[in-house]
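Report on one structure; see the data block that follows.
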Amino acid sequence: MLGEPLVNRMSGELSLLYDLFLLRPRWRLRLERELLADWFRHRFGPAARVPAGDYLTAFVTDLDRLADRYRDCETRVSAIAGELEDALLPPAGATAHRHHVDRARVTALIDRYGLDEPAVCNPDLMIAAADREHLEHGEPTLVVGDLHAMDDHLSHGSIAPSSNRPFPRSRPRRPSSTHDCSHRTRPWPTSPSAT
């Protein structure tokens with residue numbers, strides 16, 4: 001069982017990494033949810049209750065008309081991703097074996113573009129400790145192997161955008177120096193072209 005110091009490091013120090021990983025999906029989901037909510041209001045009316053089959057049929061029928069709006073979403077997400085890559089990647093042609101990432105620059109991007117869009121980030125985390133004492137006091141090295149964004153099928157279902165309800169926050173957001181995304185879940189389906 002992990003001790004509190006190590007759990008605090010995993011949720012505190014690594015939360016910036018989680019927010020970086022989820023930045024693009026959160027923006028895509030936010031923009032596409034807004035797009036679909038707007039489409040739904042115009043197609044069916046603001047308070048309509050529509051059977052799933054009718055909703056899906058209408059969506060497929062209107063997909064060609066929605067394509068430009070999906071492209072606009074992708075353009076906005078790509079612009080944010082470009083800024084993020086500029087902050088994270090070494091300059092073109094760099095030959096150094098190591099590259100220092102300016103944490104303040106990355107934190108500023110998260111503060112600028114970060115969303116309270118619910119999301120689940122499931123990391124594959126390796127923990128390396130010299131001995132049990134280092135592990136118990138939360139002092140080991142944390143190595144992230146992979147990050148996985150998870151879907152909640154209730155909030156990601158094909159008719160979820162029609163509700164367009166805000167998600168309640170389970171607790172206040174921490175100051176920007178300690179990002180925490182552990183209380184967020186990723187809503188809404190992505191565009192038909194995004195996989």
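Nearest heavy-atom pair across Phe59 and Leu66 is CE1-CD1, 3.7 Å. Taking both residues in full, the closest heavy atoms of Val101 and Ala87 are given as CG1-O, 3.9 Å, listed atom of the first, atom of the second, then distance. In plain terms, the two heavy atoms of Pro91 and His99 that are nearest each other are CD-CE1, 4.3 Å. Of all non-hydrogen atoms in Tyr18 and Pro123, the two that sit nearest each other are OH-CG, 3.6 Å. In terms of heavy atoms, Arg24 sits closest to Ala81 at CD-CB, 3.5 Å.
Under the 3.5 Å distance criterion, the side-chain polar atoms of Trp27 are matched with a main-chain donor or acceptor of Tyr113. Not one N or O on the side chain of Arg26 forms a donor-acceptor pair closer than 3.5 Å with the backbone of Phe21. Using a distance-only test at 3.5 Å, with no hydrogens or angles considered, no donor-acceptor pair links the side chain of His134 to the main chain of Ala128.
At a threshold of 4.5 Å between side-chain heavy atoms, the hydrophobic network of Ile, Leu, Val, Met, Phe, Trp and Tyr places Leu89 and Ile110 in two separate groups. When the side chains of ILVMFWY residues are joined at heavy-atom separations under 4.5 Å, either directly or via intervening members, Leu56 and Tyr70 end up in a single hydrophobic cluster.
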Going through the checks in order, is the salt bridge (Lys or Arg N to Asp or Glu O under 4.0 Å) test met by Asp72 and Arg69?
CA-CA 5 Å; Asp72 291 343; Arg69 293 184 65 193; over 6 Å; no

For Val144 and Asp146: C-alpha separation, side-chain torsions, deciding distance, then whether side chain to side chain contact (heavy atoms under 4.5 Å, CB included) applies.
CA-CA 6 Å; Val144 177; Asp146 288 314; over 6 Å; no

I'd like to know whether Arg112 forms a side chain to side chain contact (heavy atoms under 4.5 Å, CB included) with Glu83, so could you lay out the CA-CA distance, the side-chain angles of the two residues, the decisive distance to 0.1 Å, and finally the verdict.
CA-CA 11 Å; Arg112 180 175 173 193; Glu83 286 189 53; 3.2 Å; yes

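Rounded to the nearest 0.5 angstrom, Leu23 CG and Leu84 CG are separated by 6.0 Å. We find the CG-SG distance between Leu29 and Cys73 to be 10.5 Å, quoted to the nearest 0.5 Å. Once rounded to the nearest 0.5 Å, the distance linking CG of Leu16 with OG1 of Thr107 reads 5.0 Å. Note: Phe44 CZ to Trp39 CH2 = 4.5 Å, rounded to the nearest 0.5 Å. Summarising the geometry, atom CG belonging to Asp62 is positioned 4.0 Å from atom CZ belonging to Arg43; distances are rounded to the nearest 0.5 Å. Taking CG from Leu20 and CG from Leu14, the interatomic distance works out to 11.5 Å, rounded to the nearest 0.5 Å.
Residues meeting the side-chain hydrogen bond (donor to acceptor under 3.5 Å, both in side chains) test with Asp102, sequence neighbours left out: none. With sequence neighbours left out, Arg105 forms a salt bridge (charged side-chain N to carboxylate O under 4.0 Å, His left out) with no residue at all.
The shortest distance between side-chain heavy atoms of Glu74 and Leu31 does not fall below 4.5 Å. Taking the side chain as every heavy atom from C-beta outward, Leu115 and Leu22 never approach each other to under 4.5 Å. Side-chain contact between Asp38 and Leu36 is absent, with no heavy atoms from C-beta onward closer than 4.5 Å.
For NE2 of His42, the number of neighbouring non-hydrogen atoms (other residues, nucleotides, ligands) closer than 6.0 Å is 12 at most.
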